[in-house]
Amino acid sequence: MNTSLSLQYIKRPSTLKENVPLLLLFHGYGSDENDLFSFAEELPEELLIISAKAPYPMAPYGNAWYAINFDAEQGKWNDNVQAKQSVDLIAQFIDEIIATYKEVDPSTISLLGFSQGSILSYAVALTYPKKVKNIIALSGYINHDILPKDLKNKDYSNLDFYCSHGSVDQVISVDWARQTQPFLNSLNIKNSYTEFPVGHGVAPQNFYDFKDWLSKRI
């Protein structure tokens, strides 16, 4: 576990010595940096893979990128202030990783997020489009409340999204996810959207699908 940067993280080194493509992993609510890291051994060996730990510890275990509150009057609601802070924190973390690992090619940075990590990955890319290139967004949705107001004025031409969702997801409704592609299309952002017959998780076919997608882009 590396603790010297803004976020704690674990890593799998690349087989390359220069122009290394970077893949950053962002886990879901209540999980930790080990969760998505299980993907690492199956992904292209030229990738430097860094799995970050969300900043807010939960009891009795696990971490969150922002609080999700369950309130009798308001129902379930997100702490969007915390969420925006985590978006900025991830952007800072990307800069720190580039400064720390000089072999990384800053023009080929990919994000992979699951659930809450996916929501943050969307927001990071749409807020800081120059920092990233490829985004794999699994079982998430676009939270418009944490996006900048000047979306139409930003240059998103370098971005490419792989979006997927479980068609029977009981945690984040597939109806929310289905709004993603029309929204990205409205900003002329390259994207693909696929559904798999599973709940809130990543089916093997989903994994091979995004692995193939990513392999063609690094």
Side-chain angles (χ1 to χ4, degrees), residues 1-12 23-43 49-97 100 111-128 132 135-147 163-166 168-177 180 196 198-203 206-207 210:
M1 169 74 71
N2 288 272
T3 59
S4 58
L5 306 186
S6 295
L7 293 170
Q8 296 181 15
Y9 66 96
I10 52 178
K11 74 177 192 295
R12 189 210 70 179
L23 175 64
L24 293 162
L25 309 179
F26 301 108
H27 63 77
Y29 181 79
S31 190
D32 65 25
E33 70 283 1
N34 296 296
D35 184 30
L36 298 178
F37 199 65
S38 57
F39 291 157
E41 63 187 33
E42 301 286 338
L43 292 172
I49 299 178
I50 288 185
S51 186
K53 182 179 185 177
Y56 299 106
M58 296 171 60
Y61 51 80
N63 286 69
W65 296 100
Y66 55 88
I68 299 175
N69 299 290
F70 300 89
D71 184 287
E73 292 176 17
Q74 293 180 274
K76 180 178 167 183
W77 57 281
N78 299 321
D79 188 328
N80 288 324
V81 172
Q82 273 189 355
K84 284 183 178 179
Q85 289 170 344
S86 284
V87 168
D88 293 338
L89 190 61
I90 289 171
Q92 178 183 330
F93 181 65
I94 292 171
D95 291 342
E96 292 171 348
I97 291 293
T100 303
L111 309 182
L112 186 158
F114 174 76
S115 193
Q116 196 180 67
S118 172
I119 295 166
L120 268 288
S121 296
Y122 279 125
V124 169
L126 293 169
T127 307
Y128 298 100
V132 297
I135 299 90
I136 298 170
L138 309 174
S139 304
Y141 66 96
I142 294 175
N143 179 354
H144 294 270
D145 294 332
I146 62 173
L147 299 183
C163 315
S164 66
H165 212 83
V168 288
D169 192 323
Q170 70 283 18
V171 177
I172 295 176
S173 168
V174 71
D175 291 336
W176 292 12
T180 302
F196 295 89
V198 294
H200 196 62
V202 180
N206 192 177
F207 173 81
F210 79 67

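When a residue number appears, it is its place in the shown sequence, counting from 1.
Side chains of Val87 and Tyr128 form a contact here, defined as non-hydrogen atoms less than 4.5 Å apart. Pro55 places a side-chain heavy atom less than 4.5 Å from the side chain of Leu7. A 4.5 Å side-chain heavy-atom check between Ile49 and Leu43 finds at least one atom pair inside the cut-off.
Of all heavy-atom pairs spanning Ser121 and Ile135, the tightest one is CB-CG2, 4.0 Å. Of all heavy-atom pairs spanning His27 and Glu33, the tightest one is CD2-N, 3.6 Å. Ala83 and Ile146 make their closest contact through CB-CG2, 3.8 Å (heavy atoms, listed as atom of the first residue, atom of the second, distance). For the residue pair Ile50 and Lys11, the shortest heavy atom distance occurs at CG1-CB, 3.9 Å. In plain terms, the two heavy atoms of Ser38 and Asp35 that are nearest each other are OG-O, 3.1 Å. Considering every non-hydrogen atom in both Gly140 and Ala177, the closest pair reads O-CB, 3.8 Å.
At distances below 3.5 Å, not a single donor-acceptor pair connects side-chain atoms of Gln92 with backbone N or O atoms of Ser6. Between the side chain of Gln170 and the main chain of Gly199, no donor-acceptor pair closer than 3.5 Å is present. Listed for the Asn63 side chain is a donor-acceptor partner under 3.5 Å among the backbone atoms of Ala54.
Atom CD1 of Ile94 and atom CG of Leu5 lie 12.5 Å apart (nearest 0.5 Å). Rounded to the nearest 0.5 Å, atoms CG (Leu138) and NE2 (His200) are 10.0 Å apart. To the nearest 0.5 Å, the span separating CD1 on Ile68 from CD on Gln82 amounts to 10.5 Å. With rounding to the nearest 0.5 Å, the separation of OH in Tyr29 from CD1 in Ile119 is 12.0 Å. Taken from CG in Asp95 to CD1 in Ile90, the straight-line distance is 12.5 Å, to the nearest 0.5 Å. One finds the CG atom of Leu36 at 9.5 Å from the CG atom of Leu23 (value rounded to the nearest 0.5 Å).
Taking the six-membered ring where tryptophan is involved, the planes of Tyr141 and Trp176 are perpendicular, since the angle between them exceeds 60° and thus also 30°. Ring-plane geometry between Trp65 and Phe26 is classed as perpendicular, the angle between the planes exceeding 60 degrees on a 0 to 90 degree scale with a lower cut at 30.
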> Checking ring pair (Phe, Tyr, Trp, His ring centres under 6.0 Å) for the pair Phe39/Phe114: CA distance, chi angles, key distance, verdict?
Replying inline: CA-CA 12 Å; Phe39 291 157; Phe114 174 76; 8.6 Å; no
> When you look at Phe93 and Leu24, which way does the side-chain contact (heavy atoms from CB on, under 4.5 Å) test go after all the steps?
Replying inline: CA-CA 10 Å; Phe93 181 65; Leu24 293 162; 3.9 Å; yes
> Going through the distances and angles, do Asp32 and Tyr61 end up as a side-chain contact (heavy atoms from CB on, under 4.5 Å)?
Replying inline: CA-CA 9 Å; Asp32 65 25; Tyr61 51 80; over 6 Å; no
> Please walk me through it: do Tyr122 and Asn143 pass side chain to side chain donor-acceptor pair (under 3.5 Å)?
Replying inline: CA-CA 8 Å; Tyr122 279 125; Asn143 179 354; over 6 Å; no
>> Please evaluate residues His165 and Thr180 with respect to the criterion side-chain contact (heavy atoms from CB on, under 4.5 Å), reporting the C-alpha separation (whole Å), side-chain torsions for both, the decisive distance (0.1 Å), and the verdict.
In response: CA-CA 11 Å; His165 212 83; Thr180 302; over 6 Å; no
> Are Ser115 and Ile172 close enough, and set up right, to give a side-chain contact (heavy atoms from CB on, under 4.5 Å), and what steps lead you there?
Replying inline: CA-CA 8 Å; Ser115 193; Ile172 295 176; 3.8 Å; yes
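Of the candidates Leu25, Leu120, Val132, Leu111 forms a side-chain contact (heavy atoms from CB on, under 4.5 Å) with just one, namely Val132.
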